[in-house]
Amino acid sequence: MPYPESRPRRLRRNENIRRMVRETALRVEDMIYPLFVVPGQGVLQEIPSMPGQYHLSVDRLPDTVKDLRALGIPAVILFGIPSRKDPQGSEAYDDDGIIQRAVRAIKETEEEILVITDVCLCEYTDHGHCGWVTPDGRVDNDATLELLALTALSHARAGADMIAPSDMMDGRVGTIRRALDQEGFADVAILSYSAKYCSAYYGPFREAADSAPRFGDRRAYQMDPPNRREALREVALDIEEGADIVMVKPAMPYLDIIAAVREAFHYPVAAYQVSGEFAMIQAAAQRGWLDGRRAMMEALVGIKRAGADLIITYAAPEVARLLREME
Ligand code: PBG
Ligand code: ZN
């Protein structure tokens, strides 16, 4: 029946009614918080392009994860800035590397917090590409796979619960899965950056992680933004290769991809609200151009509504506090 019998506003009259009919809920249990780990002692340095986010040295991690646990945040994803970079990114798979030490430090303090490690080479290579670069300047897919497997294994030995390959080489999920299984890490899960687009929104991260390519760009391995069907093929391949959770990245400009992946596959879907998405909201809020908290909550609930089960977000601590206040 149309108006005047139908009045959708009846269910918006007050907060009690709105809550009853609310279709999507943000939950702190679904949040994964990124941490940037740097060499040194006592380092707690704000990242200029990411207000409220910090470079942390390993000795700072125990206090940080205690705070995160107190807020109910279940998981962190770690990114490392090594003390030395070289053409083959060797600190990525050094058992005494920055991430390996970080994982051990976290697990010694908070056994239960889920530690996810980003597996890629771009923070560790002097050329800033995500893989092995040939003399003619191409990123060699198959030569990279072995280095990624070494990295994943080294993270697993340090105690990582979940491995998140972000390099976009073909075949990396299967290579990592086989390596983990062979070495007795069958329980270590893979959260694959399956549909990772070649995006301008990674800008602040690359500054924070010092991982911008020194020449060229990542278009020969990350996905072309206009492509949707290709995202579904990427996800299908990762699932066949053994991914436990599939991810779409970035989130807000790719909500249609999140929805399509949710619809097509019966696997948990993660979305990464990336550094540029975070920085845009912070920057506009600092200028008083919008209400930063509301804009952030709206962006995140939109990502959930599109179909994401899990969200990697720099706003996780703030969201945890806001959700608590709203209870
Ligand atoms: C490394 C990696 C990147 C991000 C996560 N892992 C950057 C890139 O691919 O250049 C981006 C995360 C963000 O922007 O918040 N491959
Ligand atoms: Zn990379």
Side-chain angles (χ1 to χ4, degrees), residues 31-37 47-55 76-82 85 87-89 91-93 98-99 116-133 139-141 144-145 147-148 151-152 155 162-170 172-173 176 191-225 234 247-254 270-283 296 299-300 303 311-316:
M31 305 276 155
I32 301 169
Y33 184 56
L35 293 175
F36 293 97
V37 192
I47 299 166
S49 55
M50 299 174 74
Q53 307 303 314
Y54 294 85
H55 280 143
V76 291
I77 182 164
L78 305 183
F79 297 97
I81 292 93
K85 297 176 190 261
Q88 53 282 350
E91 193 171 325
Y93 37 91
I98 187 87
I99 288 297
I116 307 171
T117 54
D118 182 271
V119 165
C120 199
L121 298 179
C122 53
E123 295 105 309
Y124 303 90
T125 51
D126 52 12
H127 45 70
H129 277 287
C130 302
W132 175 263
V133 172
V139 175
D140 184 324
N141 192 88
T144 303
L145 295 181
L147 303 181
L148 295 170
T151 305
H155 292 177
M162 210 181 274
I163 302 295
S166 71
D167 52 283
M168 289 302 278
M169 298 302 124
D170 295 327
R172 90 267 211 217
V173 172
I176 290 172
L191 161 57
S192 181
Y193 288 72
S194 302
K196 175 173 175 177
Y197 287 88
C198 189
S199 173
Y201 290 87
Y202 307 150
F205 174 97
R206 289 185 188 167
E207 197 180 308
D210 186 28
S211 67
R214 303 291 185 267
F215 66 89
D217 54 45
R218 304 210 202 290
R219 279 185 286 188
Y221 42 104
Q222 298 183 344
M223 282 187 61
D224 201 17
E234 281 280 10
M247 182 152 70
V248 176
K249 176 188 172 195
M252 204 148 78
Y254 297 90
Y272 198 144
Q273 184 192 46
V274 300
S275 57
E277 297 177 70
F278 174 82
M280 281 196 307
I281 294 175
Q282 299 296 321
M296 180 57 74
L300 291 169
I303 294 165
I311 306 179
I312 304 182
T313 173
Y314 301 98

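For the numbers below, each heavy atom of this structure counts, side chains included, while hydrogens, waters and symmetry mates do not. Ligands are counted one by one from 1 in listed order, and the atoms in each one are counted from 1 as well. In this text the structure is predicted, and so the values were computed from the model without any measurement.
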For atom 10 (O) of ligand 1, the protein heavy atom that lies nearest, with its residue and separation:
Arg206 NE, 2.6 Å

Geometric class of the Tyr314/Phe36 ring pair [parallel <30°, tilted 30-60°, perpendicular >60°]:
parallel

Heavy atoms from other residues, nucleotides or ligands near CE of Met162 exceed 12 (cutoff 6.0 Å):
yes

Number the atoms of ligand 1 from 1 as they appear, then name those within less than 4.0 Å of a heavy atom of Phe79, with their elements.
5 (C), 6 (N)

Work out whether the distance between some heavy atom of Lys196 and some atom of ligand 1 is less than 4.0 Å.
yes

Show the atoms of ligand 1 that are less than 4.0 angstrom away from any heavy atom in Cys120.
16 (N)

Could you tell me the residue and atom name of the protein heavy atom closest to atom 12 (C) of ligand 1, and the distance to it rounded to 0.1 Å?
Phe205 CD1, 3.4 Å

Starting from atom 15 (O) of ligand 1, which protein heavy atom do you reach first, and at what distance in Å?
Tyr314 OH, 2.6 Å

Sub-4.0 Å heavy-atom contact, Gln222 with ligand 1
yes

Identify the protein heavy atom lying closest to atom 5 (C) of ligand 1, giving its residue, its atom name and the separation to 0.1 Å.
Lys249 NZ, 2.7 Å

Check whether any side-chain heavy atom of Ile98 sits under 4.5 Å from a side-chain heavy atom of Glu123, and report yes or no.
no

Under 4.0 Å, heavy-atom basis, I'd like to know which part of Asp118 is in contact with ligand 1: side chain, backbone, both or neither.
side chain

Please report the shortest heavy-atom distance between Phe205 and Ser211, naming the atom on each side.
CE2-OG, 3.7 Å

Full working for side-chain contact (heavy atoms from CB on, under 4.5 Å) between Gln273 and Met296
CA-CA 10 Å; Gln273 184 192 46; Met296 180 57 74; 3.4 Å; yes

What I'd like to find out is whether the side chain of Pro204 reaches to under 4.5 Å of the side chain of Phe278, using heavy atoms alone.
no

Is there a nitrogen or oxygen of Arg218 sitting under 3.5 Å from a nitrogen or oxygen of ligand 1?
yes

Within ligand 1, which atoms have a heavy atom of Tyr272 less than 4.0 Å away?
12 (C), 15 (O)

Should Tyr202 and Pro250 count as side-chain neighbours, where that means a heavy-atom distance under 4.5 Å?
yes

Identify the closest protein heavy atom to atom 14 (O) of ligand 1: which residue and atom is it, and at what distance?
Ser275 OG, 2.7 Å

Side chains of Met168 and Cys130: does their closest heavy-atom pair fall under 4.5 Å?
no

Is the terminal nitrogen or CZ of Lys196 (NZ for Lys, CZ for Arg) located under 6.0 angstrom from the six-membered ring centre of Tyr272 and within 45° of that ring's axis?
no

Cut-off 3.5 Å, side chains only: do Gln53 and Tyr33 have a donor facing an acceptor?
yes

Residue portion contacting ligand 1 (non-hydrogen atoms closer than 4.0 Å) for Cys122:
side chain

Would Phe278 count as a contact residue for ligand 1, given that I'm defining contact as a non-hydrogen atom of the residue lying under 4.0 Å from a ligand atom?
no

Between His129 and the Zn ion (ligand 2), is there a contact where an N/O/S atom of the residue lies under 2.8 Å from the metal?
no

